[in-house]
Amino acid sequence: MKIVYDKIGQSEKPFELTVDGVSLKGTLAKSGYHRLKLEGNLAGQVELLCDRCGDVYQYDMTSPLNLTLSDEVIDSKDDLDIIEFLDGVVDLEFIVQSEISSVQSEYHYCKNCENSDKEFEKEF
């Protein structure tokens, strides 16, 4: 879902979309001349790979998402939750895919390996 930056006003604009089994429901509102405030919640299941045994399992992804969106380059060290859309179009699908990729890039252990201290060896 893409929304033109200039179409978003001071009043909150609700949105909802689902990408790869993860839904993002929230609002967009202008918070400054070149800034938008995105407040929402991510919910859904993501397929992860256990980094210990290699098994695939489902992870329940539920978290709030609060971001600042901008249509210009912002040089700020205070707010690290800024996404810049320099073409003037906010791509909400890109944001959801980025959050999914962020979770998938972390280390994960399935329930069998989570609390196990045993040495592990698996033959393929």
Side-chain angles (χ1 to χ4, degrees):
M1 173 187 287
K2 295 182 179 186
I3 301 172
V4 176
Y5 190 90
D6 292 335
K7 299 281 183 183
I8 301 167
Q10 297 291 338
S11 59
E12 292 183 342
K13 180 178 179 130
F15 66 86
E16 183 175 349
L17 79 147
T18 302
V19 177
D20 297 334
V22 177
S23 67
L24 174 60
K25 182 188 263 186
T27 59
L28 277 171
K30 212 163 242 190
S31 64
Y33 186 68
H34 288 283
R35 293 184 185 218
L36 298 176
K37 180 175 65 170
L38 183 148
E39 292 181 340
N41 289 305
L42 287 166
Q45 288 196 335
V46 178
E47 192 172 89
L48 297 178
L49 188 66
C50 178
D51 289 315
R52 184 167 186 253
C53 68
D55 289 342
V56 175
Y57 68 98
Q58 296 294 321
Y59 170 75
D60 287 325
M61 184 173 170
T62 310
S63 66
L65 185 63
N66 297 309
L67 297 172
T68 300
L69 310 178
S70 176
D71 66 346
E72 68 176 8
V73 176
I74 295 178
D75 187 25
S76 173
K77 295 179 183 173
D78 297 332
D79 188 2
L80 298 178
D81 291 332
I82 297 176
I83 299 178
E84 299 165 348
F85 292 101
L86 302 179
D87 61 352
V89 178
V90 176
D91 188 353
L92 296 173
E93 187 173 325
F94 170 78
I95 293 171
V96 176
Q97 288 173 338
S98 295
E99 293 297 318
I100 292 170
S101 295
S102 177
V103 169
Q104 289 175 331
S105 68
E106 297 172 357
Y107 283 99
H108 298 282
Y109 293 127
C110 66
K111 290 183 181 185
N112 296 332
C113 297
E114 207 169 46
N115 297 318
S116 178
D117 292 336
K118 296 180 185 177
E119 289 188 28
F120 183 79
E121 186 175 326
K122 186 172 184 177
E123 292 184 29
F124 294 97

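As the structure is a computational prediction, the values presented were derived from the model and not from experiment.
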### Full working for side-chain contact (heavy atoms from CB on, under 4.5 Å) between Leu28 and Leu69
CA-CA 9 Å; Leu28 277 171; Leu69 310 178; 3.7 Å; yes
### Task
Over all heavy atoms of both residues, which pair between Gln10 and Ala29 is shortest? Give the atoms and the distance, please.
O-CB, 3.8 Å
#### Entry: Distance, nearest 0.5 Å, that separates CD of Gln97 from CG of Leu24
12.0 Å
### Message
Would you compute the distance between atom OG1 of Thr27 and atom NZ of Lys13 and round it to the nearest 0.5 angstrom?
### Response
12.0 Å
### Message
Can a donor-acceptor pair be found, under 3.5 Å and without considering hydrogens, that links the side chain of Asp51 to the backbone of His108?
### Response
yes
#### Entry: Non-hydrogen side-chain atoms of Leu38 and Leu36 separated by less than 4.5 Å
no
### Query
Between the main-chain N or O of His34 and the side-chain N or O of Ser70, is there a donor-acceptor pair closer than 3.5 Å?
yes
### Task
Following the transitive rule for hydrophobic clusters with a side-chain heavy-atom cut-off under 4.5 Å over Ile, Leu, Val, Met, Phe, Trp and Tyr, establish whether Phe94 and Val89 coincide in one cluster.
no
### Query
Are Lys25 and Asn41 side-chain neighbours, meaning at least one heavy-atom pair lies under 4.5 Å?
no
### Closest non-hydrogen atom pair, Tyr109 against Tyr57
O-OH, 3.5 Å
### Val19 to Val96 - nearest heavy-atom pair and separation
CB-CG1, 3.7 Å
### Message
Nearest 0.5 Å, please: how far is OH in Tyr59 from CD in Glu47?
### Response
15.0 Å
### Spacing of CG belonging to Leu42 relative to OG1 belonging to Thr18, to within rounding of 0.5 Å
10.5 Å
### Query
Can you tell if the side chain of Val22 reaches within under 4.5 Å of the side chain of Glu99, non-hydrogen atoms only?
no
### Query
Are side-chain heavy atoms of Met1 and Glu93 found at a separation under 4.5 Å?
no
